[in-house]
Protein chains: 2
Amino acid sequence: MTNVTKIEPAKVSNKYAQKKVAALEAAAAVFAAKGFHGATTDDIASEMGIKQGSLYYYFKSKEQALQQVCEYGFDHYVARMEKICAKSQPFEAKLLAIITSHLVSYRQKNNALKVHNDQRLYLPKEQRGALKELGSRYRRLLEATLREGIEQGAVRAEIDTHFIAYSIIGICNSWGATLVRDDEIDLFETIEQCAELILRGTLTGNKNHE
Amino acid sequence: MTNVTKIEPAKVSNKYAQKKVAALEAAAAVFAAKGFHGATTDDIASEMGIKQGSLYYYFKSKEQALQQVCEYGFDHYVARMEKICAKSQPFEAKLLAIITSHLVSYRQKNNALKVHNDQRLYLPKEQRGALKELGSRYRRLLEATLREGIEQGAVRAEIDTHFIAYSIIGICNSWGATLVRDDEIDLFETIEQCAELILRGTLTGNKNHE
DNA sequence: ATAAATTTCTATAAAGCTATAGAATTTATC
DNA sequence: GATAAATTCTATAGCTTTATAGAAATTTAT
């Protein structure tokens, strides 16, 4: 099956693949800093050291670039989540790993993830299908972790796992955005405090009590 | 003191003031929907039923429109926070009022507030001074409320009030954005669940326990 | 009714942006 | 080293957008 796509002639070379990643990261950096509409294709091209017109060797359009950046960042992130959830661990450890993964991503200036969070809604709905799929997968994993916690007896049975999952994501995104902007903030302290806030709100019997 | 500004000739008429508000709200709606860079001055003008060029009777520039929309939305919001905090109430009631105020704002499609949250960073720093001031004021009020809670014995003394204040804002913004997008979600249930998540994470002795 | 002030409109200059085509250059292959 | 393939460049067509100027229309005041 020497499958050569109709749309993209060769573009299977080693170099192409590498530079495509560079293109994605340049686009991610620029979109993260200026927003999708605020960024120009020239900004992105400059960021990767080529001319504006050459960028179209890597992206069919600016919009396609946004789409691919979002998928690139989010896919990676969901994959990591899957590894964490696959392990058999007590609830608290898992939650800590999830928060850590989320916030470390941001501190490492994972621009693509930031772009996914802030800019994906500027994509037309039809082009958000894959992202929505990934997003649900992530939330389902988080909800499953919460249900595991309930089964383990660590988490109160009455909680609304959907609501809590969403809230966890919200807190992490909010702190994540702050961490990116302010280098002074201590990453690991933030992680611990997030965990403490969430845990003491979800743990049966309120462990860790002074 | 018949103070006539140099920059704005007359523009003190009744009608002007009214239409200026309409202009702010049109701009807010458009910026909220399309983002600052994604929106055009023609979008805003159309929204208020005038022609593109006429918009400049109300705003000096598109950027000034963004600035004024942000201040308009946020100022209103901080003012309401001040009223809530002025009352002498038990901690839990106050927190509930704060969350309610925040989320109700969103559900009422308070576009200006959404624009403040999502788009203010596209303003040059020099034009963000007033907003930063309002933001700190809001956070200080929230932190003071938490300290009150500690004094009342309702809140654990070891919490980091700054961190918790920030997290509350983060959760509310996150749910607020969701509430705007999805009319199906029950507003008051969301308020209660937010409060429950935060309270059980901050209350001494873990009240409300099943 | 007339004059003055306010508000809106039309038209346009100036600039910026996306996307494409085809030439030029670099890299890989035989 | 010659040929083919891959990559980048230049130049530009075709739009869109912001902001301004001055005319026109509307409203308010005399």
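This structure is a prediction, so every number in the text was calculated from the model and none was measured. Protein chains get the first letters and strands the later ones, always in sequence-line order, with residue 1 at the start of each. Note: hydrogens, waters and symmetry copies are ignored here, and every other heavy atom, side chains too, is used.
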Legend entry - B:K19 side-chain N/O to C:dT6 phosphate OP1/OP2 under 4.0 Å: no
Inset, instruction - Would you check if the distance from the ring center of B:Y72 to the ring center of B:H76 is below 6.0 Å? - result: no
Inset, instruction - Provide, to the nearest angstrom, the distance between the CG atom belonging to A:L55 and the P atom belonging to C:dC17. - result: 14 Å
Legend entry - Interatomic distance where CZ belongs to B:F59 and C1' belongs to C:dT8 [whole Å]: 16 Å
Legend entry - Proximal nucleotide (of D:dC9, C:dT8, C:dT7) relative to the A:I50 side chain: D:dC9
Inset, instruction - Determine: side-chain N/O of A:Y57 to OP1/OP2 of D:dT8, distance under 4.0 Å, yes or no. - result: no
Legend entry - Pairing nucleotide - C:dT8, Watson-Crick or G-U, each distance under 3.5 Å: D:dA23
Inset, instruction - Between D:dT7, D:dC9, C:dT10, spot the one nearest the side chain of A:Y58, thanks. - result: D:dT7
Inset, instruction - Mind calculating the distance between CD (B:Q18) and P (C:dT6) to the nearest angstrom? - result: 16 Å
Inset, instruction - Take atom NZ of A:K20 and atom P of D:dT7, then tell me their distance rounded to the nearest Å. - result: 12 Å
Inset, instruction - Rounded to the nearest angstrom, tell me the gap between atom NZ in B:K34 and atom P in D:dT17. - result: 8 Å
Inset, instruction - Please confirm whether A:F36 and B:H37 have ring centers closer than 6.0 angstrom. - result: no
Inset, instruction - Under 4.0 Å between any heavy atoms, over every strand shown, what does B:A39 touch: base, sugar-phosphate, or nothing? Just pick one. - result: sugar-phosphate
Legend entry - Side chain of B:Y16 - closest among C:dT7, D:dT8, D:dT18: C:dT7
Inset, instruction - Just compare C:dT10, D:dT18, D:dC9 and give me whichever is closest to any side-chain atom of B:Q52. - result: D:dT18
Inset, instruction - Please state how far atom CG in A:L66 lies from atom P in C:dT18, giving the value in whole angstrom units. - result: 13 Å
Inset, instruction - Measure from the side chain of A:K62, starting at C-beta and using heavy atoms only, and say which of D:dT8, C:dT18, C:dT7 lies closest. - result: C:dT18
Inset, instruction - Specify the separation, in whole Å, of atom NZ of B:K51 and atom P of D:dT26. - result: 14 Å
Inset, instruction - Not counting sequence neighbours, which residues clear side-chain hydrogen bond (donor to acceptor under 3.5 Å, both in side chains) with A:Q52? List them please. - result: A:T41
Inset, instruction - Kindly say whether the aromatic ring centers of A:W175 and B:F163 come within a distance under 6.0 Å. - result: yes
Inset, instruction - For A:D43 and for A:S54, find the nucleotide of DNA chain C with the closest heavy atom, then tell me which residue's nucleotide is more 5'. - result: A:D43
Inset, instruction - Kindly give the heavy-atom pair with the smallest separation between B:A39 and B:V30, and that separation in Å. - result: CB-CG1, 3.4 Å
Inset, instruction - Among D:dT20, D:dC9, C:dT20, find the nucleotide with the atom closest to the side chain of B:Y56. - result: D:dT20
Inset, instruction - Could you work out which one of D:dT18, C:dC17, D:dT8 sits closest to the side chain of A:T40? - result: C:dC17
